[in-house]
Amino acid sequence: MPLVCLADFQVHAQKHLSKTTWDFIEGAADEGFTRDENIAAFKKIHLRPRYLRDVSKVDTKTTIQGEEISAPICIAPTGFHCLAWPDGELSTARAAQEAGICYITSTYASCALEDIVTSAPRGLRWFQLYVQPDRLLNKQLIRKAESLGFKALVITVDAPTIGNRRHDFRNQLDLKMNLLLKEFQSLKERNSIPHLQRSSIDPSICWNDLSWFQGITHLPIILKGILTKEDAELAVKHNVHGIIVSNHGGRQLDEVPASIDALTEVVTAVKGKIEVYLDGGIRTGNDVLKALALGAKCIFLGRPILWGLAYKGEHGVQEVLNILKKEFHTAMTLSGCRSVAEINRDLVQFPRL
Ligand code: FNR
């Protein structure tokens, strides 16, 4: 039977991946409340379609940070793609290039950055950084991403430490994962960071440190993991170029709101000064439409990309992206939106509970 929606790819992935890999991908922090809420919250928002508007031509194209993408549907950073498919991130990069969308490559990619770029030289990519305790290492990673043509630096702020992922503790996953980090291995082998034993995340990073990053790179900086108006205002004040409203797919602090529920607060706080994006729980074209109606410029997909990889590598990711793009196109058509610019707040309502 053909796979016709993103949920079908999830069912397939669960059947075909090892338990340890499935648990790692699907898992969340603590009791998984936020991961489930990310999905449930979309279903509490209703659509308000408009009719008789000549929708014979519908255009899903848009831009992020000035770059054109074929639809506001891009790929969130997730680590260790080789767990889901042998050539991992190389397949993901090719599928993203083919789809004409942006792929945020993780610090924890299981392929080296140069190989990812070689596999899809024309693709639009941003580099995601888990800030490392060693400043020199951060600098090397950023310089490398810059020289390889990555177009933005995404700093993940919701992970000063890794959340309590009970399934990974049970599966004793930690050490094995570090061995998969090609970028870190190559830095170690080239002896540029001789004392580097394993990757880690700097818990001391704070707002004042942003100027250090702004001083060493010309790339626009995007903060990933903002959930409150207070932090959104600080982000604008510190001259970052964008915010990804995200709770890390429920993998960090559990019991925070669904991303879609935090979006309005952040969008209102930034007052249109910078672009706001969203990830977490996007599974259908209607979800994409709702996120845009509430002010997201674009959405990012985490787990569904890994399900696509687990299905058929590059072609599986392409199928996931094509299905979601098609659903989004249909959602736009059925609600009377001819262009992404026509999607606005009037398209959604929150029913009284
Ligand atoms: C992630 N996420 C993540 N985020 C990040 O900034 N750097 C990373 O390396 C990773 N790695 C990662 C691995 C896996 C297996 C998952 C599921 C997630 C979080 C990711 O970017 C995104 O915020 C969520 O996955 C979005 O939620 P959905 O689409 O998975 O519901």
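First listed ligand is number 1; within each ligand, the first listed atom is number 1. From a predicted model like this one, the values you see are computed outputs, not experimental measurements.
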Among Gly302, Gly280, Gly79, Gly27, which residue places a heavy atom closest to atom 13 (C) of ligand 1?
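Looking at heavy atoms only, the winner is Gly79.
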Between Phe80, Tyr130, Tyr108, which one has a non-hydrogen atom sitting closest to atom 8 (C) of ligand 1?
Tyr130
Which atoms of ligand 1 sit under 4.0 Å from any heavy atom of [X]?
X      : result
Ile25  : 15 (C), 17 (C)
Ala76  : 21 (O)
Ser246 : 23 (O)
Ser106 : 8 (C), 9 (O)
Leu306 : 15 (C)

Is the backbone of His241 close enough, under 3.5 Å, to the side chain of Gln65 for a donor and an acceptor to pair up by distance?
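Yes, Gln65 side chain to His241 backbone: donor-acceptor pair under 3.5 Å.
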Looking only at non-hydrogen atoms, find the nearest pair between Ala159 and His248 and report the distance.
CB-CE1, 4.3 Å
Just say parallel, tilted or perpendicular for the rings of Phe80 and Tyr108, cut-offs at 30° and 60°.
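Rings of Phe80 and Tyr108: tilted, as their planes differ by 30° to 60°.
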How are the rings of Trp126 and Phe300 set to each other: parallel, tilted or perpendicular (split at 30° and 60°)?
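Ring orientation, 0 to 90° scale: tilted.
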Flag Phe24 as yes when one of its N or O atoms lies below 3.5 Å from any N or O atom of ligand 1, and as no otherwise.
no
Does any N/O atom on Gln128 come nearer than 3.5 Å to any N/O atom on ligand 1?
yes
What's the shortest distance from [atom] to any protein heavy atom, and which residue and atom give it?
atom                    : answer
atom 24 (C) of ligand 1 : Gly249 N, 3.6 Å
atom 15 (C) of ligand 1 : Arg251 NH2, 3.4 Å
atom 21 (O) of ligand 1 : Pro77 O, 2.6 Å
atom 19 (C) of ligand 1 : His248 CD2, 3.4 Å
atom 6 (O) of ligand 1  : Thr156 OG1, 2.7 Å

Validation: residues 70-77 side-chain donor-acceptor distances under 3.5 Å, sequence neighbours left out:
| from | atom 1 | to | atom 2 | distance (Å) |
| --- | --- | --- | --- | --- |
| Ser70 | OG | Ala99 | O | 2.6 |
| Ser70 | OG | Lys325 | NZ | 2.7 |

Pick one of side chain, backbone, both or neither for how [X] approaches ligand 1, counting any non-hydrogen atom pair under 4.0 Å.
X      : value
Arg283 : side chain
Lys224 : side chain
Thr78  : both
Glu26  : neither

For the residue pair Thr21 / Ser18, report whether a side-chain donor-acceptor contact shorter than 3.5 Å exists.
yes
Any donor-acceptor N or O pair under 3.5 Å, side chains Thr34, Glu255
no
Please state whether Asp279 comes within less than 4.0 angstrom of ligand 1, counting heavy atoms only.
yes
Got a salt bridge between Lys144 and Glu114, using NZ or NE/NH1/NH2 to carboxylate O under 4.0 Å?
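Salt bridge between Lys144 and Glu114, a charged N being under 4.0 Å from a carboxylate O: yes.
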One thing to verify: whether Arg135 and Asp209 come together as a salt bridge, which I'm taking to mean a side-chain N less than 4.0 angstrom from a carboxylate O.
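So Asp209 pairs with Arg135 through a salt bridge.
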Would you please test Arg125 and Gln97 for side chain to side chain donor-acceptor pair (under 3.5 Å) and show each step?
CA-CA 9 Å; Arg125 275 175 292 270; Gln97 174 176 277; 5.4 Å; no
Do Phe213 and Trp207 have ring centroids that are under 6.0 Å from one another?
no
Is the Lys NZ or Arg CZ of Arg94 less than 6.0 Å from the centre of Tyr103's six-membered ring, within 45° of the axis?
no
